[in-house]
Amino acid sequence: MAAGVRPSKPGGPGAGRSERPKLEAMLELSYVREHLAEVEAMLANRGATVDLTRFRELDQRRRALILQGDQLKQERNQASEEVARRKRGPERDAPETAALIARNRALGEKITALDAESKAIESEFDPILLSLPNRPSAATPVGRSADDNQEVRRWGQARTFDFTPQPHWDLGAKLGILDLDAAARISGARFAVYRGAGARLERALANFMLDRHTAAHGYTEVLPPSLVNSQSLRGTGQLPKFAADLFKCEGADLWLIPTAEVPLTNLYAGQVLDEAALPVCVVGYTPCFRSEAGAYGRDVRGIMRQHQFQKVELVKIAHPEQSAADHEKLTRDAEAILQELELPYRVMNLCTGDLGFSASQTYDLEVWLPSQNAFREISSCSNFSDFQARRANIRFRRQGKNKTELAHTINGSGLAIGRTWIAVVENYQQADGGVVIPQALRPYMGGLERMQ
RNA sequence: GGAGAGGUGGCCGAGUGGCUUAAGGCGGCGGUUUGCUAAACCGUUGUACGGUCAAAAGCUGUACCGGGGGUUCGAAUCCCCCCCUCUCCGCCA
């Protein structure tokens, strides 16, 4: 037997028992079993309700079935070996050999029945385990809703206007840089058409961000596919629970990515990385597609909430002992963009009640929007600890060790282009409806200083 | 889309129904010897889920040869479906 680790095969992270492919759980089964009370408390903090009594029953039943099945299989394996031995010798046609085969056949039927029972148990058991969200880190404050999020720091000063600031959709329409009517005709609601300097602004923002993250912050630029298979979406946690938020291609196992996090993180699915290679830092610019089911009447005007938007995404595969520091650094990398654009913002540490399903800690960056007189999310930077890594089977090997360990994954928007577009247009608007181009963007706008 | 060839462990690669406990090599780790960025020799080597144990270690069982299903007392090996890779053809930015 050779050394090292077998990577998972294409087609499934970690092939487990043949009759039971490895469950892509977020939390380790043995952890849940041994810390039931802790897990229940964690779920309560998150405001989730999961029936762990049923979990315990099913777990016990499941283990009993595995034990029984494994014992029968052992018997069958031993008997088959005996048959093989006899077939090679003079006992090949003895009546005992035939009897042995007959007995083994009966054993096989029992095993088939047991396996069917196991499958039935697992069809109820697996969804419970899959529905468990990640454990919030100690740095995550306990709270019920977004109102309990903690402000960590604030940067910049909200500009004072000597006129009433207009919303971006009015500014955009008057400047001829944003055409939502045209978007509605060719696609429908929640799509945008950018024109002229507006389209160029979108492109300038993307190029500016990519240049900063690659040259100044040390990320490697990656241009991934915008369509991915369902396995990748399970790896990062969007499936199976959040299928309703996604667009799926008809007649193929392909989905439009809701964020570059999916392809960028899955670049390393099934891989074993060298400890020295950590953290792996990649940045990608992609369109993002969200069906936004359940968004109801929120942000119906303008381009705040779209079915398609563009985003520059930062992803790190990190060492478990460094992931908290790497998360901080990634957040600062995203903040640097806002600072260079001179856009006021604040950093929020999300509480347990507002934390995403897969995250253990999240900082939201909220940019100031004058027309709303409020801070609005423009980036979400999360540490997923080993949650995604377990599902996507992303591992690393410590120097001089044979054993592999789960890595940690981190990602954050650096930044969402559409919302940055809004922030620039609204914060830099003038009394006459023109928009001044921020200094940092001018080289990317062909020297343009003002949209008029 | 069509035809053909393939997919075996960290990597390469043998293996056409039971004497395979997946040969052999490379790599990794540990050691011995020699001495100077090295070589030779010996040993060792993955994952998941169970059992045992207070726990860990250890011991032990089952499963895993691209994925799923089937045939069989018994499948890496035979059959069916699917995915991916390569070569050629077709189409195409």
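Sequence lines set the chain letters: A, B, ... in the order given, protein chains first and strands last, and positions in each chain run from 1.
Within the structure, the ring pair (Phe, Tyr, Trp, His ring centres under 6.0 Å) test picks out the following pairs touching residues 55-79 of chain A (sequence neighbours left out): A/Phe55-A/Phe125. Contacts classified as side-chain hydrogen bond (donor to acceptor under 3.5 Å, both in side chains) and involving residues 414-424 of chain A (residues at least two apart or in different chains) are not found.
Not a single salt bridge (Lys or Arg N to Asp or Glu O under 4.0 Å) links A/Asp354 to another residue, sequence neighbours left out. In this structure, A/Glu377 has no salt bridge (Lys or Arg N to Asp or Glu O under 4.0 Å) partners at least two apart in sequence or on a different chain. The salt bridge (Lys or Arg N to Asp or Glu O under 4.0 Å) check on A/Arg195 picks up nothing, with sequence neighbours excluded. In this structure A/His307 satisfies the ring pair (Phe, Tyr, Trp, His ring centres under 6.0 Å) test together with A/Phe191, A/Phe247, sequence neighbours excluded. In this structure, the salt bridge (Lys or Arg N to Asp or Glu O under 4.0 Å) partners of A/Arg85, at least two apart in sequence or on a different chain, are A/Glu82, A/Glu91.
Consecutive Watson-Crick or G-U pairing (both distances under 3.5 Å) extending over three or more pairs maps onto RNA chain B as B:1-7 with B:83-89, B:10-12 with B:24-26, B:27-32 with B:40-45, B:46-52 with B:58-64, B:66-70 with B:78-82.
Nucleic acid contact class of A/Arg33 (heavy atoms, under 4.0 Å, all strands): sugar-phosphate only.
Of the candidate nucleotides B/U62, B/G18, B/C49, B/U62 has the atom lying nearest to any side-chain atom of A/Asn77.
The phosphate of B/G51 (OP1 or OP2) has no side-chain N or O of A/Lys73 nearer than 4.0 angstrom.
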Got a list of protein N/O to nucleotides 73-79 of chain B N/O distances below 3.5 Å?
residue: B/C73; atom: OP1; partner: A/Arg105; partner atom: NE; Å: 3.2
residue: B/C73; atom: OP1; partner: A/Arg105; partner atom: NH2; Å: 2.3
residue: B/C73; atom: O4'; partner: A/Ile101; partner atom: O; Å: 3.3
residue: B/C73; atom: O2'; partner: A/Asn104; partner atom: ND2; Å: 2.7
residue: B/G74; atom: O4'; partner: A/Ser80; partner atom: OG; Å: 3.4

